[in-house]
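All values below come from the heavy atoms of this structure, side chains included, with hydrogens, waters and symmetry mates left out. Just so it is clear: chains get the letters A, B, ... in the order the sequence lines come, proteins before strands, and each one is counted from 1.
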Amino acid sequence: MAEMSDSLFFSLCEALLFSSSEPISETVILRIASEYLQDDEVGPLSEFIEWYNQRQSGLKIVKLAGGWQIVTRPEFSDAVRRLKTTTRKARFSRASLETLAIVAYRQPITAPEIENIRGVECSGVLKSLLDKKLITILGRKHGPGNPLLYGTTPQFLMVFGLDELQSLPSLEEFERDLADSDTKYLEIPFPQTDDISSTSNLESVDEK
Amino acid sequence: MAEMSDSLFFSLCEALLFSSSEPISETVILRIASEYLQDDEVGPLSEFIEWYNQRQSGLKIVKLAGGWQIVTRPEFSDAVRRLKTTTRKARFSRASLETLAIVAYRQPITAPEIENIRGVECSGVLKSLLDKKLITILGRKHGPGNPLLYGTTPQFLMVFGLDELQSLPSLEEFERDLADSDTKYLEIPFPQTDDISSTSNLESVDEK
Amino acid sequence: MNRIDDYIRIKLELFEGPLDLLLHLIRSQQIDISAISIARITDQYLETIELMKELDLDVAGDFLVMAATLILIKSRMLLPPSENTADNLEEEDPREELIRRLKQYELFKEASLKLEDMEQIRHRMYSRPSTPDEIQGGKDWIIDVSLVDLLTALKDIIIRRKDVIAHIVRPSPVSVREKMTRILELIRENGTLLFSEVFDDASSRQDVIATFLAILELVRTQLIRARQRCLMSDIRLVLCKPRQE
């Protein structure tokens with residue numbers, strides 16, 4: 001529990017984080033705190049975050065795209081969604097997710113390189129990912145044709161709940177998982193069909 | 001202080017109020033709470049508000065326009081305002097983006113030339129781009145009126161993550177990757193060189 | 001069309017591409033990717049493609065390319081080892097490249113499933129809605145704009161003003177026309193200009209290229225002439241006499 005001397009700092013941090021709809025960097029928080037508080041009142045941010053996240057609350061602080069942000073706890077997501085009239089956006093198609101995964105792990109990468117890995121043409125998917133600002137153009141590759149290079153954006157980190165790219169699970173982990181799970185193949189007789197709503201009634205056939 | 005039985009209700013209320021930018025009525029809060037909690041867990045809202053407002057915090061709940069809303073406490077308003085001026089985003093208007101694009105791709109260029117391309121007057125937009133240090137004055141063009149010549153700045157390169165101006169992708173390259181079948185931009189006669197007919201050669205030489 | 005056909009159709013439509021289909025065929029055989037029998041997998045693959053055609057599914061070119069690749073590998077597997085490599089070199093497994101690609105694809109497919117999970121967890125956490133006062137200018141700008149926005153803006157202008165302009169989309173910051181003007185000025189001032197001098201104020205490779213193209217263009221349009229006293233001597237640029245003279 002926080003001591004009284006921390007309280008003003010804690011309250012200021014809470015007010016700052018609350019008032020922003022986007023992650024704020026530690027530097028900005030501490031700079032503003034030091035402008036409004038005595039030096040000895042400004043504590044390390046980690047102390048505030050630890051205190052905040054262990055209280056009984058509907059909220060928690062997470063690190064996203066390099067900054068800190070207050071979000072609602074996942075267990076209240078259904079209730080919060082009831083409040084919002086907006087329905088859940090369409091989830092990502094498998095094509096988008098595959099392409100994003102390739103861009104995320106192999107960036108900077110060119111369109112032909114992505115297509116080579118996926119084995120299919122991907123211009124439509126790239127366009128939709130660019131429109132959603134999940135990927136962007138990083139420049140050009142030096143070499144024949146100087147093709148454009150793509151990479152992920154801070155928005156990608158935000159949407160997938162990542163602090164930084166290094167927080168992505170390593171590909172070696174997947175390799176290990178795949179090696180361990182040779183026997184699980186039978187359980188997945190066909191690709192998952194959650195992208196296409198019309199298959200929901202057919203899923204049951206699958207399970208019979 | 002809240003008893004344990006209230007905690008879930010309190011947390012839910014906090015999550016709901018947090019996630020809304022507008023006041024929520026007591027009726028709505030209690031209705032949603034009763035959908036997600038046991039009857040005996042849902043307490044009177046006033047108890048939650050009283051508890052919330054007496055904690056040491058940077059926030060408080062106020063009644064506004066017939067509903068309840070979390071706001072930052074007045075004593076932190078300067079700091080919050082400071083945060084907003086620090087992290088405000090320069091959202092680009094269409095006019096700014098278009099002007100910036102023309103300057104980037106046709107620099108050095110004069111205001112009349114930009115206006116000729118955009119078909120509208122753009123002194124205000126140019127001023128705002130100058131203020132943002134995305135463009136700068138490169139000199140004057142020799143000719144009638146000696147108009148100012150504009151070009152992009154190192155700040156421009158930083159914002160767009162480019163190492164040099166030559167890395168700016170051409171629209172053709174962009175379209176090639178995205179191969180947008182609806183809109184055949186490639187059919188638009190491209191560098192139709194008022195310059196010279198051999199510009200297309202320049203492009204290909206560039207890429208070697 | 002009956003329910004089973006519908007079912008198969010939907011399943012087939014769901015394959016992301018030839019690699020996805022192959023991976024599925026391999027998984028349903030419960031074998032390791034490295035141990036695939038090309039003959040068997042090729043037959044199954046071709047059958048599936050046939051089925052897709054029967055169901056009037058649009059079989060994309062990518063699927064057919066893979067079919068050809070499989071048949072090629074199959075035929076190479078049937079060939080006896082060639083004589084000149086048999087002695088010292090291990091004959092390369094014709095399946096090698098395909099196996100490598102399948103494994104790579106499988107890895108990213110796995111990664112994409114993980115991304116999906118991550119997105120679902122993230123989506124259950126709501127942040128504060130943004131308010132209008134967060135937008136617009138402040139002192140330290142965080143500029144929320146990308147190259148894609150820039151290109152899109154450019155595209156919009158072109159579409160809107162297509163009749164008026166079609167010449168704004170070259171990313172070359174060095175204008176050949178400017179170089180032409182500059183060279184003409186220099187020649188007019190000095191009466192003549194050495195080819196080597198022209199490049200003195202060229203600041204970059206782009207600049208050199210633009211200057212060179214400017215000279216070619218000036219020569220082509222007969223505004224200047226290039227003269228050389230003897231082989232290997234410096235080229236001298238002079239103005240052409242106006243035609244009407």
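- Heavy-atom distances place both the backbone and the side chain of A:Leu100 under 4.5 Å from chain C.
- Residue A:Ile102 is tested with A:Leu97, A:Asn116, A:Ile117 for a side chain to side chain contact (heavy atoms under 4.5 Å, CB included); the sole match is A:Ile117.
- With a 4.5 angstrom heavy-atom cutoff, C:Leu151 touches chain A only via side-chain atoms.
- Counting heavy-atom pairs under 4.5 Å between each of A:Leu64, A:Val159, A:Leu138, A:Thr136 and chain C puts A:Val159 at the top.
- With a threshold of 4.5 angstrom between heavy atoms, A:Arg73 approaches chain C through N, CA, C or O but not through any side-chain atom.
- Of the two parts of A:Phe76, neither the backbone nor the side chain holds a non-hydrogen atom closer than 4.5 Å to a non-hydrogen atom of chain C.
- In this structure, CD1 on C:Ile41 lies 11.0 Å from CG on C:Leu46, to the nearest 0.5 angstrom.
- Residues A:Lys127 and A:Asp131 are paired through a salt bridge, judged by an N-O separation under 4.0 Å between the basic side chain and the carboxylate.
- Using modelled atom types, no side-chain atom of A:Tyr52 and backbone atom of A:Phe10 make a donor-acceptor pair closer than 3.5 Å.
- Under 4.0 Å is where a charged nitrogen must lie from a carboxylate oxygen, and between C:Glu106 and C:Lys109 no such pair does.
- For a residue to count as touching a neighbouring chain, one of its non-hydrogen atoms must lie under 4.5 Å from one of that chain's; by this rule A:Tyr150 does not touch chain C.
- Remark: C:Phe108 CZ to C:Leu19 CG distance equals 12.5 Å, nearest 0.5 Å.
- Most heavy-atom pairs under 4.5 Å with chain C: of the set A:Val80, A:Val120, A:Thr99, A:Leu130, this distinction falls to A:Val120.
- With respect to chain C, the highest number of heavy-atom pairs below 4.5 Å among A:Ala104, A:Pro154, A:Gly119, A:Pro169 belongs to A:Gly119.
- To the nearest 0.5 angstrom, C:Asp62 atom CG is 9.0 Å from C:Met66 atom CE.
- Both the backbone and the side chain of A:Glu175 have a heavy atom closer than 4.5 Å to some heavy atom of chain C.
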